[in-house]
Amino acid sequence: MDAIISFANTIFKPLIDLGAAPMMTIFITLISVLLGVKFSKALEGGIKLGIAITGIGAVISVLSGAFSSALTQFVESTGFQLTITDAGWAPLATITWGSPYTLYFLLILVIVNIVMIALNKTNTIDVDIFDVWHLAFVGLACIYFGANLFIATVLVVLVGIFKIMNSDLMKPTFNDLLGAPESNPMTTTHMNYMMNPIFMLFNKLFDRFLPWLDKYDFDATKLNSKIGFWGSRFAIGIYLGVFVGLLAHQTPTQIFTLAFTAATCLELFSIIGSWFIQAVEPLSQGIADFANNSKWLKGRTLNVGLDWPFIAGRSEVWACANILAPILLFEALLLSTIPAPWMPEEVGKVLNGVLPLSSIIVTGLSPALLVVTRGKIIRMCVIGAIVQPVFLIAATLVSGFVTTTATAVGATQGFAGLITMATMEGPIEKFLAFFIGNAASGSAMYIGIAVVAIALYVLVFLWYRKEMLKRNAEYEKALHPETAAE
């Protein structure tokens, strides 16, 4: 294992050290050239992707920073004591990439992807290398809670296979939501979407017991066209900023600043989302040409697994996220009053000890809700409100691991206390890491829980796969009625 870890570090560390944008620029450019794209076009696509990644990160930082201050004031005015700092995704990504095991997990997942393509078990090339940190985090947490590297690797491989399978399952839905042709190569392997099976369960309950609610649903884009500015992304940002500012007892000047910052950021998300589409155009053409001319692929068309923001232009993502933000805050406060003896001592043995600040805008939740519900806002918001506590509890559970890892890589200098991310992607996988890690110590109780948890995880995913295949067949039938008639 040590030799493999050393080899992975030798190959990938120089790229990782450059940062997400340069790394993805180089990676996309290289793949495009290998697929026969002219170098200048390949480099253009790679640079556009790097710009898009940088732009998304910058806007998220501005939005998170603005709301962090307001929500801190809210906590101070109410007296609630939530001791774990919500650091957001950027510090956690940096911390995770600081571990040599992350590069080992990356190598393993690259091999898994290649094997799945070779065995015709997927049509997706996962190029979103940077976001491998989400899944590596699961493996590292599993080790922290007591498992050895082999057990952690098995867990990472299991989730990695499902993640890639899910990217294929979602592809027709992305085409539909984007209004893109079937030749569109974009899909995603992001951990956001590993909540899809849980969301699908609730969506089916909606179908069974609450279908009448759909008649009150609204399409954010259609709403915008009917009522103009008052249904736009700008207006949604204004509403959220004013609401949070009032809760925080801010001055009128601070409230207006927060409102206009939110409005600007939401509109920029839509603009930057379109850059992802432009960035993959050269790669898309290269993949199409390669597939058509490759004897090995026998005419197969390969998809490209990107980061999630290529779907960020859909108004429903932000309408849902903005509605869920204040609900998440309320749930965090409520859960902080509920005892949980099984929680670590350092988090106060309560269900939640983290105040959602940097990750108050739940982008780890709303994109997956969009895919499963196909943009039905009422369903997205109700299901999201029900499931959000899972994110908070999981974030609290892994806060000790995050802080320990951060200290080990020297990322907590000058900071005292626990850190985590309130809406960290993959909360179910965090629970699996906790149960499996503790089971490795030989505890009969945790062994039983881990076995049941893994079985349920696999069974629910396979059920979800069956439902998605059924839905995709219906989509294909609607798209090509002449073929269906034959």
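No experiment lies behind these values; they were computed from the predicted model shown. Just so you know, residue 1 is the first one in the sequence shown, and it goes up from there.
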Query raised in the report: Step by step, would you call V156 with I108 a side chain to side chain contact (heavy atoms under 4.5 Å, CB included)?
Result: CA-CA 9 Å; V156 167; I108 293 297; 5.5 Å; no
Requested in this report: In sequence, state the C-alpha distance, the side-chain angles, and the governing distance for L135 and F105, and then conclude on side chain to side chain contact (heavy atoms under 4.5 Å, CB included).
Outcome: CA-CA 8 Å; L135 189 44; F105 288 129; over 6 Å; no
**Report entry** Verdict with reasoning, L365 to Q388, per side chain to side chain contact (heavy atoms under 4.5 Å, CB included)
**Finding:** CA-CA 8 Å; L365 189 66; Q388 276 183 147; 3.4 Å; yes
Query raised in the report: Going through the distances and angles, do D126 and S167 end up as a side chain to side chain contact (heavy atoms under 4.5 Å, CB included)?
Result: CA-CA 9 Å; D126 185 6; S167 67; over 6 Å; no
Query raised in the report: Does the pair T189 and D128 meet the rule for a side chain to side chain donor-acceptor pair (under 3.5 Å), with working shown?
Result: CA-CA 7 Å; T189 55; D128 187 20; 5.0 Å; no
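Within the 4.5 Å cutoff, the side chain of K121 has no heavy atoms near those of the I164 side chain. Considering only heavy atoms from C-beta on, I311 comes within 4.5 Å of W308 through its side chain. A heavy-atom distance below 4.5 Å is found between the side chains of V371 and T173. Using a 4.5 Å heavy-atom threshold, the side chains of L329 and L355 count as touching. At least one side-chain heavy atom of V458 sits less than 4.5 Å from a side-chain heavy atom of F162. Two residues are said to be in side-chain contact when any heavy atoms from C-beta on lie closer than 4.5 Å; L369 and E316 fail this criterion. In this structure, the side chains of I323 and M380 stay at 4.5 Å or more apart for every pair of heavy atoms. Between I454 and L155, the closest side-chain pair of non-hydrogen atoms is not below 4.5 Å.
In terms of heavy atoms, G241 sits closest to L258 at O-CD2, 3.4 Å. Taking each heavy atom of P185 and L302 in turn, the nearest pair found is CB-O, 4.3 Å. When all heavy atoms of G45 and P282 are compared, the pair lying nearest together is CA-CG, 4.1 Å. Closest of all the heavy-atom pairs between N196 and A368 is OD1-CB, 3.2 Å. In terms of heavy atoms, T25 sits closest to T29 at O-OG1, 2.6 Å. When every heavy atom of A395 is checked against every heavy atom of A422, the shortest pair comes out as CB-O, 3.8 Å.
Between the T102 side chain and the T96 main chain, a donor and an acceptor come within less than 3.5 Å of each other. Without hydrogens or angle criteria, D131 side chain to H190 main chain gives no donor-acceptor distance under 3.5 Å. No donor-acceptor distance shorter than 3.5 angstrom exists from the side chain of N352 to the backbone of I393, with no hydrogens or angles considered. Side chain of N303 to backbone of T187: no donor-acceptor contact under 3.5 angstrom is found.
Residues meeting the side chain to side chain contact (heavy atoms under 4.5 Å, CB included) test with I161, sequence neighbours left out: V112, M116, V157, M165. Annotation: ring pair (Phe, Tyr, Trp, His ring centres under 6.0 Å) contacts of F391 (sequence neighbours excluded): none. For I111, the side chain to side chain contact (heavy atoms under 4.5 Å, CB included) partners two or more places apart in sequence, or in a different chain, are L107, V115. Taking the salt bridge (Lys or Arg N to Asp or Glu O under 4.0 Å) definition, one finds that R374 meets it with D176, sequence neighbours left out. Residues that satisfy the side chain to side chain contact (heavy atoms under 4.5 Å, CB included) test with L469, not counting sequence neighbours, are L169, R465. The ring pair (Phe, Tyr, Trp, His ring centres under 6.0 Å) search around Y193 returns F174, not counting sequence neighbours. Residues passing the side chain to side chain donor-acceptor pair (under 3.5 Å) test with N175 are K171, N184, sequence neighbours excluded. The ring pair (Phe, Tyr, Trp, His ring centres under 6.0 Å) check on F431 picks up nothing, with sequence neighbours excluded. Take V154 and apply the side chain to side chain contact (heavy atoms under 4.5 Å, CB included) test, not counting sequence neighbours, and it matches F150.
Between Y101 and Y104, the ring-plane angle classifies as perpendicular under the 30° and 60° cut-offs. Aromatic ring pairs are classed by plane angle as parallel below 30°, tilted from 30° to 60° and perpendicular above 60°; the pair F461 and Y464 is tilted.
Annotation: side chain to side chain donor-acceptor pair (under 3.5 Å) contacts involving residues 420-431, sequence neighbours excluded, comprise S359-T423, E429-Y457.
One finds the CG atom of L392 at 12.5 Å from the CG atom of L397 (value rounded to the nearest 0.5 Å). With rounding to the nearest 0.5 angstrom, the CG atom of N166 is 10.5 Å from the OG1 atom of T122. How far OG1 of T264 is from CD1 of I238: 7.5 Å, rounded to the nearest 0.5 Å. I377 contributes atom CD1, which lies 6.5 Å from atom SG of C320 (distance to the nearest 0.5 angstrom).
No hydrogens or angles considered: a donor-acceptor pair under 3.5 Å links the side chains of T124 and D168.
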Side-chain donor-acceptor distances from residues 200-213 under 3.5 Å, at least two apart:
unit_1 : atom_1 : unit_2 : atom_2 : d
N203   : OD1    : R379   : NH1    : 2.9
K204   : NZ     : E467   : OE1    : 2.9
D207   : OD1    : R379   : NH1    : 2.8
D207   : OD1    : R379   : NH2    : 2.9

Solution key, residues 31-43 side-chain donor-acceptor pairs under 3.5 Å, sequence neighbours excluded:
unit_1 : atom_1 : unit_2 : atom_2 : d
S32    : OG     : I28    : O      : 2.8

